Engineer: 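Quick one: the structure is below, questions incoming.
Only a predicted model underlies this, so the values are computations on that prediction, with no experimental measurement involved. Just follow the structure's listing: the first ligand is 1, and inside any ligand the first atom is 1.
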Amino acid sequence: MNTPLPSPPSTGLPIGLLAELTHRCPLACPYCSNPVALEGRGTELSTYDWKRVFSQAAKLGVLQVHLSGGEPAARRDLVDLVAHCASVGLYTNLITSGIGVTEKLIQLLADAELDHIQLSIQDSDAESADKIAGYKGAFAKKQVIAGWIKENGFPLTVNAVMHRANITRSAGMVELAMSLGASRVEIAHTQYYGWALPNRAALMPSRAATEMAVADVEALRKRYAGAIIIDLVIPDYHATYPKACMGGWAKQFINVTPSGKVLPCHASETIPDLEFWNVKDYDLHTIWRSSPAFNAYRGTAWMAEPCRSCDRREIDYGGCRCQAFALTGAASATDPACIKSPSHALMTDIAVADSRPKTYTYIYRR
Ligand code: SF4
Ligand code: FES
């Protein structure tokens, strides 16, 4: 490539890389954060290309690789990829639905020196969990798989995405995670990107239920201190200030899609006019420093008011670019989750309207 490269804003090094090995998945969760248009099997990077990406990531200073999907176990080369990551010194975390994972695969992953497994569970109530996953029997299968994970000595995190159907069961989720031997549970309120956006009216909990759920988690942290770590991803639609999405755009994380596109965040393709570079064309170091998509909202120089002069601008980096675009049509706008945003009332209105009691049907990804 002979295109002159733009000079990069000053930047540190990425800590983590999310490798979306495939978008194929046996589940159909209505809050799936993957894009509405999935990348097909025929476009997936080869084993050779993924290994090249992992070697470049290690050289760049990345410490952790999160092997995700879709369902990463759908890749036949998963064990080979894990072994390669271990050989170049990367800490590996497998993010799995568990469906399609066999006991033999767990043993092989242990031999390949996988470091950690994160298992998604849709609810502590079996019937509800299967309905959310769009897969009958998923809940029961996950209990068995959690057993294999522990028998093979892996540290286990349970990931639970919370929304209207399960928001009253934070305690049930934490207790289920403890009974499965998890050392950590992530209670993550739904983020409305990707497939979650068309399902927003079916997923949005009320403000009262949300506040109660956040208070429940605080109480659970005290009750189970020392027994399990409880992480909380806060719900944006009822917030006063936004979260520092991705820890700041292009500040800590790299996301590689199944076909090799490199994104500053998993939902950033929802923002039009961003130019994403591909690992087939550029090495990861060049992409991290010079990709137009990475430099578009890196740091604080791109900010307009009220973020530009706000004393929280290096705390939350203006919130989430994808959410700002989804709700205002301008990715450079202040995240409407922020009380200082001129569009904050719009977000509150959506939250109130979408959370009204109603009979809902999920739109599954089929
Ligand atoms: Fe964060 Fe911008 Fe809101 Fe300030 S104005 S709190 S920087 S989103
Ligand atoms: Fe993309 Fe927040 S999801 S910046």
Engineer: For ligand 2, which atoms have a heavy atom of R321 less than 4.0 angstrom away?
Structural biologist: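 Reading through ligand 2 atom by atom, the close ones are 4 (S).
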Engineer: Find all atoms of ligand 2 within a distance of less than 4.0 Å from any non-hydrogen atom belonging to C320, and give their numbers and elements.
Structural biologist: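 So the atoms of ligand 2 that pass are 2 (Fe), 3 (S), 4 (S).
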Engineer: In the protein, which heavy atom is nearest to atom 2 (Fe) of ligand 1, and how far is it?
Structural biologist: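 In this structure, atom 2 (Fe) of ligand 1 has C307 SG, 2.3 Å as its nearest protein heavy atom.
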Engineer: Mark up the atoms of ligand 2 that fall under 4.0 Å of a heavy atom belonging to C265, in ascending order.
Structural biologist: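 In order of number, 1 (Fe), 3 (S), 4 (S).
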Engineer: Would you kindly specify which portion of Y241 sits under 4.0 Å from ligand 1, judged on non-hydrogen atoms: side chain, backbone, both or neither?
Structural biologist: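 Near ligand 1, Y241 shows its side chain, while the N, CA, C and O stay back.
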Engineer: For R207 and Y237, test the side chains for any donor-to-acceptor distance below 3.5 angstrom and give the result as yes or no.
Structural biologist: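 Short answer, no.
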Engineer: With atoms numbered from 1 as shown, which atoms in ligand 1 lie under 4.0 angstrom from a non-hydrogen atom of R312?
Structural biologist: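 Heavy-atom distances to R312 below 4.0 Å select 6 (S), 7 (S).
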Engineer: Please round to the nearest 0.5 Å and tell me the distance separating atom CD1 of I132 and atom SG of C29.
Structural biologist: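 Between I132 CD1 and C29 SG, I get 8.0 Å after rounding to 0.5 Å.
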Engineer: Are the charged groups of D236 and K243 less than 4.0 angstrom apart, N to O?
Structural biologist: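 Result for this pair is yes, salt bridge flagged.
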Engineer: Can you tell me how far apart CG (D125) and NZ (K131) are? Round to the nearest 0.5 Å.
Structural biologist: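 Those atoms lie 11.0 Å apart.
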Engineer: What are the atoms of ligand 1, with element, lying closer than 4.0 Å to any heavy atom of C338?
Structural biologist: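 Taking each heavy atom of C338 in turn, ligand 1 has 3 (Fe), 5 (S), 6 (S), 8 (S) under 4.0 Å.
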Engineer: Taking Y297's backbone N and O only, do any of them form a donor-acceptor pair with W302's side chain (distance below 3.5 Å, no angle check)?
Structural biologist: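 Yes.
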Engineer: Please determine if atom 2 (Fe) of ligand 2 has an N/O/S atom from C322 lying under 2.8 Å away.
Structural biologist: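 C322 does not place any N, O or S atom closer than 2.8 Å to atom 2 (Fe) of ligand 2.
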Engineer: Show which atoms of ligand 2 fall inside a sub-4.0 Å distance from at least one heavy-atom site of C245.
Structural biologist: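 Per the distance check, 2 (Fe), 3 (S), 4 (S).
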Engineer: For the CD atom of E20 and the NE2 atom of H66, what is their distance to the nearest 0.5 Å?
Structural biologist: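 These two atoms lie 12.5 Å from each other.
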Engineer: Side chains of S355 and H238: donor-acceptor distance under 3.5 Å anywhere?
Structural biologist: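 Absent: no donor and acceptor within the cut-off.
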Engineer: Taking heavy atoms and a distance under 4.0 Å, where does P242 meet ligand 1: side chain, backbone, both or neither?
Structural biologist: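 Side chain only; the backbone of P242 stays clear of ligand 1.
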Engineer: Are side-chain N/O atoms of Q56 and D283 paired as donor and acceptor at under 3.5 Å?
Structural biologist: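 No, because no side-chain N or O of Q56 sits under 3.5 Å from a partner of the opposite role on D283.
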Engineer: When you measure from atom 1 (Fe) of ligand 1 to the N, O or S atoms of D316, does any of those distances fall below 2.8 Å?
Structural biologist: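 Coordinating: yes.
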Engineer: For atom 4 (Fe) of ligand 1, does an N/O/S atom of C310 lie at less than 2.8 Å?
Structural biologist: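 So C310 does bind atom 4 (Fe) of ligand 1 by this criterion.
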Engineer: Ring centres of H163 and Y31 under 6.0 Å apart?
Structural biologist: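 Yes, the ring centres sit under 6.0 Å apart.
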Engineer: Nearest to atom 5 (S) of ligand 1 by heavy atom, R313, K340, M303: which?
Structural biologist: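 Considering heavy atoms of R313, K340, M303, the nearest to atom 5 (S) of ligand 1 sits in K340.
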Engineer: Rounded to the nearest 0.5 Å, what separates atom OG1 in T92 from atom CG in L114?
Structural biologist: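 Reported to 0.5 Å precision, the distance equals 4.5 Å.
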Engineer: What do you reckon, does Q323 put a non-hydrogen atom under 4.0 Å from ligand 2?
Structural biologist: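 False for this residue.
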Engineer: If you count the atoms of ligand 1 from 1 in the order shown, which ones are under 4.0 Å from a heavy atom of T334?
Structural biologist: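 Listed by number with element: 2 (Fe), 8 (S).
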